[in-house]
Structures are given as C-alpha cells and as structure tokens.
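Working notes, structure below.
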Amino acid sequence: MPALTTTQKRDGRTFDAVSDAVDDVNVQKLKLWDEESEFDTEKDKTRFRQYEDACDRVKNFYKEQHEKQTVEFNIQARVNFKSRRRARMGIWEAMEMLNTLVDESDPDTSLSQIEHLLQTAEAIRRDGKPEWMQVTGLVHDLGKLLFMFGSEGQWDVVGDIFVVGCRFSDKIIYPDTFEANPDSHDSVYSTEYGIYQPHCGLDNVMLSWGHDEATWVQYLYHVLKTQSYLPEEGLAMIRYHSFYPWHREGAYSHLMNEKDKRALAAVRAFNPYDLYSKDDDPVDVDALRPYYERLIAKFFPPVLDW
C-alpha cells in the first residue's frame, strides 16, 4: 500500500469539528432572516401608508383599480400572460428599464424605482440579513415591468393586492370604492367564501392581477421561481409583499392553510424593509452597483426570460 503523502495526512476529528462549526454558523445565518428589523427602530412609522391624507393621484388610482379588478378581468389577464413573450435581459438591465416608472399608488415616496430597490436592499444589508434576502429586496418590485409590456394601465400593475372571487375585505384601503365593481353585486362573488373552500390555501385563490400577484402563473414570481436560486422564503416575500390586507391587517385567515402561515412569517419579516426604507438617505447607484452585480451573479443567470 503506497505511503500517504503529506497532503493526505489529515486529522479527521479536527476536520469534522471545523465542518460542524461552519455548519453551525450557516444555521445561524439562516435564522437571521426572521429576526426583528433594527434599522427602523427610531422611525416614526405612523407617517407611512397615510392613505386618508394621500393626494388625488393616489386616491384616483385606487378607485380605478377597485372598480376594474374583476374575476372576468383576472381570468383574461392570466390567459394573456401565458400567451406572450416579453423580453430577455439581465437583472440590472431590468432595473434600469423599470426606472422610468413613477408608481401612482405609492403615497410615501417620489423616488425612482431603482433608488427604492437599492434602499430596500441596503436596509436589509445593514441589519446583517443573509445575501439571498438582500437580493430579494433588490428585485422585489421588478414585476412592475408589466407596465412596459402592454398592461391596461398602472391599475393592473401596482398597488395593494387582494382576493377576487369572494367578498372584498373591509381591510382593503378605500373599501367603499368597490361599490362600482360588478363583482360586489354578484350572488357568488359577494359571499364570504365565494368560489373558494375554507382553508383552501392561497395557492388556490386569485389575487388581483399585478406585479407580484400570487398565483402560480403570476409575473415576477413565475419569472424567478424557475430562473433563480432564491429560497422559498425569498419567493414568498416577492409573491405577497403587496398583499397588505393579509400580512398587515389580518384578512383572509379563513382561506389560509399551514403553508400560508409559514409564508406569512417571511413576508412580515420583509415588510419593514420595503416600507420604512423609503425615507432613507439617497443612495449612490454607481457606488453600490458593483456589490449588487456580484450578488446578482450568485442568484441569477446572466440573462432571464421576462
């Protein structure tokens, strides 16, 4: 039997101890995502989502959204989504493309889209959250590219989302504006469960069509589910981050299953970074770009199908 070389003479027990220590650190890192946010501890959170004091642009946006997001429209939107090919580009290119959009639904900021994405990611980074959560913050609003790809308007791209096919929840902002939505007067769609079964799970309901709409054929979730290395928690953060009646107001518990409870914890961990980073100091896009391009390369291919 040949003699062991110097490089082959290793202490197996020492190796196992080091390996276990590394695994322990990795486990600790994985736990970081659901620890309470720290960057926002001194912020006046009552200043955010003040929709009663919002400008007419925001109020008119939600009036139109609430009138037009019907079951009929949502079914057709999904058919159209499946039948169209939109673009091929990388993540940073998509961010630059999105940067021309001003979100009419947002009362909290007039920042450009790329600044909001970077502010969100930077707040997550400052709190020491894992890289996958940082990059989730970076891309979470890229579904707004739907506006560039033939949407009806902003009302079917941005804004809070909600369940269609059952009674519109009074936890949705401006609930009175649903009076003009024909589904409010439908004998089935206006009932508590509508077309759904108790605790059927959010995978089995239609949320209003938009940039993070939560069906299996929705836009950004669908793009990233098959073309990224994000964990399920990151995909849930993207999928439901605009579902404020659910993750902030506690609506729709009668439709949730056990999987949704796990998703809810992820979305609530993410929400402070999306919401409360909007008044942070302006970011230096050029200075941050190299760091986030390295991060993008870890979790995404160079080019994605949009």
### Message
I want to know whether F299 and W132 have ring centres closer than 6.0 Å.
### Response
no
### Query
Are the side chain of H116 and the backbone N or O of Q113 linked by a donor-acceptor pair below 3.5 Å?
no
### Message
Applying salt bridge (Lys or Arg N to Asp or Glu O under 4.0 Å), can you list everything that pairs with E179, at least two apart in sequence or on another chain?
### Response
none
Show me the donor-acceptor pairs within less than 3.5 Å that the side chains of residues 163-172 make with the rest of the protein, sequence neighbours left out.
from: R167; atom 1: NE; to: S190; atom 2: O; distance (Å): 3.2
from: S169; atom 1: OG; to: K171; atom 2: N; distance (Å): 3.0

### Task
Say whether, by atom type as modelled, one donor and one acceptor occur between the side chain of H185 and the main chain of P182 under 3.5 angstrom.
no
### Task
Tell me yes or no: between the side chains of Y174 and Q65, is some donor less than 3.5 Å from an acceptor?
no
### Greater than 12 external heavy atoms within 6.0 Å of E192's CD
yes
### Task
Considering only NZ, NE, NH1 and NH2 on the basic side and carboxylate oxygens on the acidic side, decide whether D203 and K259 come within less than 4.0 Å.
yes
### E258: salt bridge (Lys or Arg N to Asp or Glu O under 4.0 Å) partners, not counting sequence neighbours
K261
### Message
How close do L264 and M256 get, counting heavy atoms only, and between which atoms?
### Response
CD2-CE, 4.2 Å
### Query
Which is it for E122 and R126 under the salt bridge (Lys or Arg N to Asp or Glu O under 4.0 Å) test, yes or no, and what are the steps along the way?
CA-CA 6 Å; E122 280 293 279; R126 286 198 302 273; 5.0 Å; no
### Message
Do W92 and I114 make a side-chain contact, defined as non-hydrogen atoms from C-beta onward lying under 4.5 Å apart?
### Response
yes
### Query
Is any side-chain heavy atom of N271 less than 4.5 Å from a side-chain heavy atom of R248?
yes
### Query
Which residue pairs pass the salt bridge (Lys or Arg N to Asp or Glu O under 4.0 Å) test when at least one of the two sits in residues 291-302, sequence neighbours left out?
E131-K298, R289-E293
### Message
Strictly below 4.0 Å, N to O, side chains only: are K144 and D141 in salt-bridge contact?
### Response
yes
### Query
Which is it for H140 and D274 under the side-chain hydrogen bond (donor to acceptor under 3.5 Å, both in side chains) test, yes or no, and what are the steps along the way?
CA-CA 9 Å; H140 76 280; D274 181 22; 3.1 Å; yes
### Task
Could you check if a side-chain atom of L207 sits within less than 4.5 angstrom of a side-chain atom of F162, using non-hydrogen atoms only?
no
### Task
Mark yes or no for whether D160, through its side chain, and F243, through its backbone, hold a donor-acceptor pair below 3.5 Å.
no
### Query
Does a side chain donor of either D183 or T70 reach within less than 3.5 Å of an acceptor in the other side chain?
no
### Pairing residues for H199 by the ring pair (Phe, Tyr, Trp, His ring centres under 6.0 Å) criterion, not counting sequence neighbours
none
### Query
Would you say Y273 and Q119 make side-chain contact, with heavy atoms under 4.5 Å?
no
### Query
Considering residues at least two apart in sequence or located in another chain, which fulfil the ring pair (Phe, Tyr, Trp, His ring centres under 6.0 Å) criterion with Y229?
none
### Query
How are the rings of H66 and F178 set relative to one another: parallel (under 30°), tilted (30 to 60°) or perpendicular (over 60°)?
parallel
### Query
Side-chain donor-acceptor pair under 3.5 Å between Q69 and D156, yes or no?
no
### Task
Quick one: closest heavy-atom pair of V267 and H247, and the distance?
CG1-CD2, 3.5 Å
#### Entry: Proximity of F73 and W155 rings by center, below 6.0 Å
yes
